Amino acid sequence: MMVSGLSTRLLNICIASYCKSRLLERAEAVIIDGIRLGVIPDVVTYNTLLNAYSRFVSLDSAYSVVHRMKEAGISPDVITYNSLLSGATRNCLLSQSLDLFEEMLQAGIHPNVWSYNILMHCFFKLGKPDEANRVFQDILLRNLTPHPATFNIMINGLCKNEYIDNALMLFRNLQRHGFVPRLVTYNILIHGLCKARRLGQARKMLKELGESGYEPNAITYTTVMKCCFRFKQYDEALEIMSEMKSKGYTFDGFANCTVVAALVKTGRIEEANACMEQTMRNGIELDLAAYNTLLNMYCREGKFEAAYKLMDEIENGGLQCDKYTHTIIIDGLCKAGNIIGAEQHLQYMKMIGFRENLVAFNCMIDGLCKAGQIDRAMDLYKSMETKDSFTYTSLVHNLCKAGRFRCASKLMMKCLRDGKKILKATQRAVLDGLRSTGYTDEARKLRWKIQVARILR
DNA sequence: CTAGGGTTAG
């Protein structure tokens, strides 16, 4: 008996090692060999395997491990459920996460702090900070010892749901109670402050990070750099990039993406090219986001042959083009004046299952408008299930440019009813247009609606 | 096991 127990432990160490290196076939082979030699896999074996499948393969494959373990007569435990929960939450299958949590309770398994952590994260992702907060209070009430990550998840969730002030309040409160922030915590807050356009406070937080004895890492640098680009401080951003490199963070794909994308967006293609080449020379493996950045660069250069070739390369390399990929192509074709090509790609995109790609539809609408086909743009608009302020702004602005102010006005009222913001410049274009063409009553009515919408917001 | 990157209107 002793021998068998020991062998299972050895088996688990072996499985863990293979799983860590993503060698799942090897792990499976070891299990089969073990069973042949009389070594019985236990709950730890299956949990290790399940976790690896969930992270590296798919959630479905993780579920099939659960099935296998049940067949082997082993009951799932809290760790099994936590792995599934985190997999579902990571893949944004949030209602599934909630079901799993319920199922765990039904099965009589007591959730631990990690279960609650993941549940909180799930509620934040669902845009339900109140529910997340309830879970947080639950952890404290049940006298479960919160993990430092519990606090970070709270702070991050509050930031992402635009409760930056509450996040800061929680942060300060926790500090008074002896919570020692980690680098992650500072990065979360700096990101939140940057996103809320509160640069002064972001700078202070960066200083505090240093005073706490931490060195900024690649994530800190990327966050601050993106913020500089957003506020058009290009030189400062590039300086941060070189500082980051001088600190030894030379091989960071995220940072390179940020820089290249910003350079492309501002038309500095030469520099973007150089940066991209440097990235590849450094041996950074391109992932889908990096490929999309490169693709956008090709489109802006008008190199559509290269762009199509790159799409094939992506798929041949085992990655799947996503909604970003298709949007970039459609927008690129529109901006290059190839409306027919863009429409073809839009059809293709719909055919392969991207029916809800709002941004791609917006690009097509804008492209059609700019090519003088506003009525076709309106048809496309009518066929869309969801619209946002980009949709309305494009249409309204281009209707004004075509002198169709009353149509623009009607659409803008719809936009306001829909609760979407519209750019000041576009509002003015409609109002001025109505007045100059003699529709002063209509203009007055629209102005009133704009004011009401502003109050109700 | 929580933090950073890639797409659109003016």
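Lettering of chains follows the sequences in order, A, B, ..., and the numbering in each one begins at 1. This structure is a prediction, so every number in the text was calculated from the model and none was measured.
- Look at Asn156(A) and you'll find a side-chain N or O under 4.0 angstrom from OP1 or OP2 of dA3(B).
- Listed nucleotides: dG10(B), dT7(B), dC1(B). Nearest to the side chain of Val359(A): dT7(B).
- Annotation: cation-pi pair Lys414(A)/Tyr392(A) absent, no NZ/CZ under 6.0 Å from the ring centroid and within 45° of its normal.
- Taking only distance into account, the side chain of Asp287(A) meets the base of dG5(B) through a donor-acceptor pair shorter than 3.5 Å.
- Across Ile374(A) and Asn398(A), no two heavy atoms sit closer than the pair CD1-O, 3.4 Å.
- A heavy-atom distance below 4.5 Å is not found between the side chains of Ser58(A) and Tyr53(A).
- A close approach under 4.0 Å does not occur between any side-chain nitrogen or oxygen of Lys421(A) and OP1 or OP2 of dG10(B).
- Separating the CZ atom of Arg230(A) from the P atom of dT7(B) is a distance of 13 Å, rounded to the nearest angstrom.
- Proximity of Lys226(A) to the phosphate of dG5(B): a side-chain N or O atom is located under 4.0 Å from OP1 or OP2.
- Of the listed nucleotides (dG4(B), dT8(B), dC1(B)), dC1(B) has the atom at the smallest distance from the side chain of Trp114(A).
- Counting only heavy atoms from C-beta on, Asp366(A) has its side chain closest to dA9(B) among dA3(B), dA9(B), dT8(B).
- Checked against dT7(B), dT8(B), dA3(B), the side chain of Lys160(A) finds its nearest nucleotide in dA3(B).
- Within a 6.0 Å sphere centred on NZ of Lys323(A), other residues, nucleotides and ligands contribute 12 heavy atoms or fewer.
- Of the side-chain N and O atoms in His191(A), one or more sit less than 4.0 angstrom from OP1 or OP2 of dG4(B).
- Distances shown here put every side-chain N or O of Lys195(A) at or beyond 4.0 Å from the OP1 or OP2 atom of dG4(B).
- The base of dG4(B) is paired with the side chain of Asp252(A) by a donor and an acceptor separated by under 3.5 Å.
- Side chain of Ser86(A), nearest nucleotide from dC1(B), dA9(B), dA3(B): dC1(B).
- The base of dG4(B) does not come close enough to the side chain of Thr223(A) for any donor and acceptor atom to sit less than 3.5 Å apart.
- An OP1 or OP2 oxygen of dT7(B) is reached within less than 4.0 angstrom by no side-chain nitrogen or oxygen of Lys335(A).
- Comparing dT2(B), dG5(B), dG10(B) by their nearest atom to the side chain of Ile153(A) picks out dT2(B).
- Of the candidates dA9(B), dT7(B), dG4(B), the closest approach to any side-chain atom of Ala218(A) belongs to dG4(B).
- The side chain of Arg300(A) approaches dT8(B) more closely than any other nucleotide in the set dG5(B), dA3(B), dT8(B).
- Shown here for Cys159(A) and Leu189(A), the closest heavy-atom pair between the two residues is SG-CD2, 4.3 Å.
- Side-chain N/O atoms of Lys370(A) include none lying less than 4.0 angstrom from OP1 or OP2 on dT8(B).
- For dA9(B), the base has no donor-acceptor partner in the side chain of Asn398(A) [N/O atoms by modelled type, under 3.5 angstrom].
- Residue Asn362(A) places its side chain closer to dT8(B) than to any other of dC1(B), dT2(B), dT8(B).
- Dashed line: the shortest gap from a side-chain N or O of Ser394(A) to OP1 or OP2 of dT8(B) is not under 4.0 Å.
- Taking 4.5 Å as the limit, every side-chain heavy atom of Val359(A) sits out of range of all side-chain heavy atoms of Asp388(A).
- Relative to the side chain of Thr327(A), the nucleotides dC1(B), dT2(B), dT7(B) differ in distance, and dT7(B) lies closest.
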